[in-house]
Amino acid sequence: MKKEKNFSVLFIAQAAMIAAIYVVLTFVFAPFSFGEVQVRIAEALTILPVFTPAAIPGLFVGCLIGNITGGGILPDIIVGSLATLIGACFTYALRNKSKFLAPIPPIVANMILVPFVLRYGYMVPLPIPFMMLTVGIGEVISCGILGILLYTVLNKYKHIIF
């Protein structure tokens with residue numbers, strides 16, 4: 001029972017820390033964290049479910065808080081946060097596969113869902129396929145490139161950190 005309690009505390013602490021880091025990164029890099037052309041640096045953290053399942057709620061809550069306090073409209077808050085949650089869940093599912101597969105779920109989830117929010121929520125007049133491309137490029141940079149860099153660094157210390 002005591003070991004189970006310690007695991008719960010560790011899980012909550014890790015999730016809270018990941019959420020906090022996500023929010024901070026979103027606002028430190030706010031000029032390019034929002035909009036139809038965005039590179040949300042915080043999305044690099046979507047690689048973390050490879051290391052801990054606590055990253056799943058942590059990323060969801062962090063994205064939710066970032067979208068709320070960033071002035072997002074309700075559809076953006078809900079759909080954008082769900083895209084990150086979906087990406088995190090599937091990244092966790094791929095944790096034992098190649099590290100290069102891990103960033104694909106958040107890239108795809110955001111690339112598919114966010115353009116519809118931009119178009120129908122914010123009334124951005126650009127074509128949805130074009131916004132899929134722009135959001136996708138931003139996600140490849142943040143999740144793919146920066147996420148893999150983060151993975152490489154953390155993987156060396158995973159026995160200490162996670």
Side-chain angles (χ1 to χ4, degrees), residues 15 17-155:
M17 185 62 69
I18 290 166
I21 293 168
Y22 189 103
V23 172
V24 168
L25 288 174
T26 299
F27 284 99
V28 167
F29 299 102
F32 43 93
S33 289
F34 303 96
E36 57 269 6
V37 178
Q38 60 179 268
V39 178
R40 189 176 282 196
I41 303 299
E43 285 286 297
L45 299 176
T46 59
I47 199 74
L48 294 179
V50 168
F51 299 103
T52 176
I56 297 169
L59 291 166
F60 175 67
V61 170
C63 186
L64 188 69
I65 293 169
N67 288 341
I68 290 169
T69 56
I73 61 172
L74 190 58
D76 190 14
I77 292 166
I78 294 169
V79 175
S81 301
L82 285 175
T84 297
L85 177 62
I86 292 165
C89 288
F90 281 99
T91 295
Y92 180 74
L94 294 173
R95 71 190 178 281
N96 295 323
K97 309 293 182 205
S98 167
K99 71 178 181 181
F100 297 107
L101 291 178
I104 292 174
I107 293 169
V108 172
N110 281 284
M111 190 174 84
I112 291 171
L113 296 174
V114 171
F116 287 96
V117 173
L118 294 170
R119 180 76 170 116
Y120 298 110
Y122 291 105
M123 301 303 173
V124 175
L126 298 171
I128 288 176
F130 179 73
M131 288 189 285
M132 286 177 165
L133 178 67
T134 62
V135 170
I137 290 170
E139 288 293 311
V140 166
I141 293 168
S142 58
C143 300
I145 298 170
L146 298 177
I148 292 296
L149 287 173
L150 181 60
Y151 174 91
T152 303
V153 171
L154 292 178
N155 198 42

Residues 88-97 side chain polar contacts: donor-acceptor under 3.5 Å, at least two apart:
residue : atom : partner : partner atom : Å
Thr91   : OG1  : Gly87   : O            : 2.8
Thr91   : OG1  : Ala102  : O            : 2.8
Arg95   : NH1  : Tyr92   : O            : 2.8

Inset, instruction - Return the set of residues passing side chain to side chain donor-acceptor pair (under 3.5 Å) with Thr46 (not counting sequence neighbours), or none when no residue passes. - result: none
Shortest non-hydrogen contact from [X] to [Y]?
{"X": "Pro106", "Y": "Pro103", "answer": "CD-O, 3.1 Å"}
{"X": "Ile107", "Y": "Gly144", "answer": "CD1-N, 4.1 Å"}
{"X": "Met111", "Y": "Met132", "answer": "CG-O, 3.1 Å"}
{"X": "Thr152", "Y": "Lys99", "answer": "OG1-NZ, 3.9 Å"}

Drop me the distance from [X]'s [atom1] to [Y]'s [atom2], to the nearest 0.5 angstrom.
{"X": "Thr26", "Y": "Leu45", "atom1": "OG1", "atom2": "CG", "result": "8.5 Å"}
{"X": "Asn110", "Y": "Cys143", "atom1": "CG", "atom2": "SG", "result": "6.5 Å"}
{"X": "Leu150", "Y": "Ile41", "atom1": "CG", "atom2": "CD1", "result": "11.5 Å"}

Heavy atoms, side chains only, cut-off 4.5 Å: are [X] and [Y] in contact?
{"X": "Val39", "Y": "Phe29", "result": "no"}
{"X": "Leu48", "Y": "Tyr151", "result": "no"}
{"X": "Asp76", "Y": "Leu118", "result": "no"}

Inset, instruction - Could you list the residues that satisfy side-chain contact (heavy atoms from CB on, under 4.5 Å) with Leu113, not counting sequence neighbours? - result: Val79, Ala83, Ile86
Legend entry - Contacts of type side-chain contact (heavy atoms from CB on, under 4.5 Å), residue Leu133, not counting sequence neighbours: Ile137
Review item, side-chain donor-acceptor pairs of residues 18-25, under 3.5 Å, at least two apart:
residue : atom : partner : partner atom : Å
Tyr22   : OH   : Arg40   : NH1          : 3.4
Tyr22   : OH   : Glu43   : OE2          : 2.5

Legend entry - Partner residues of Phe100 under the ring-ring contact (aromatic ring centres under 6.0 Å, His included) criterion, sequence neighbours left out: none
Legend entry - Side-chain donor or acceptor of Arg119 paired with backbone N/O of Val124 under 3.5 Å: yes
Listing, residues 57-64 side-chain donor-acceptor contacts under 3.5 Å, not counting sequence neighbours, or none:
none

Inset, instruction - Not counting sequence neighbours, list each pair that qualifies as a ring pair (Phe, Tyr, Trp, His ring centres under 6.0 Å) and has a residue in residues 112-140. - result: none
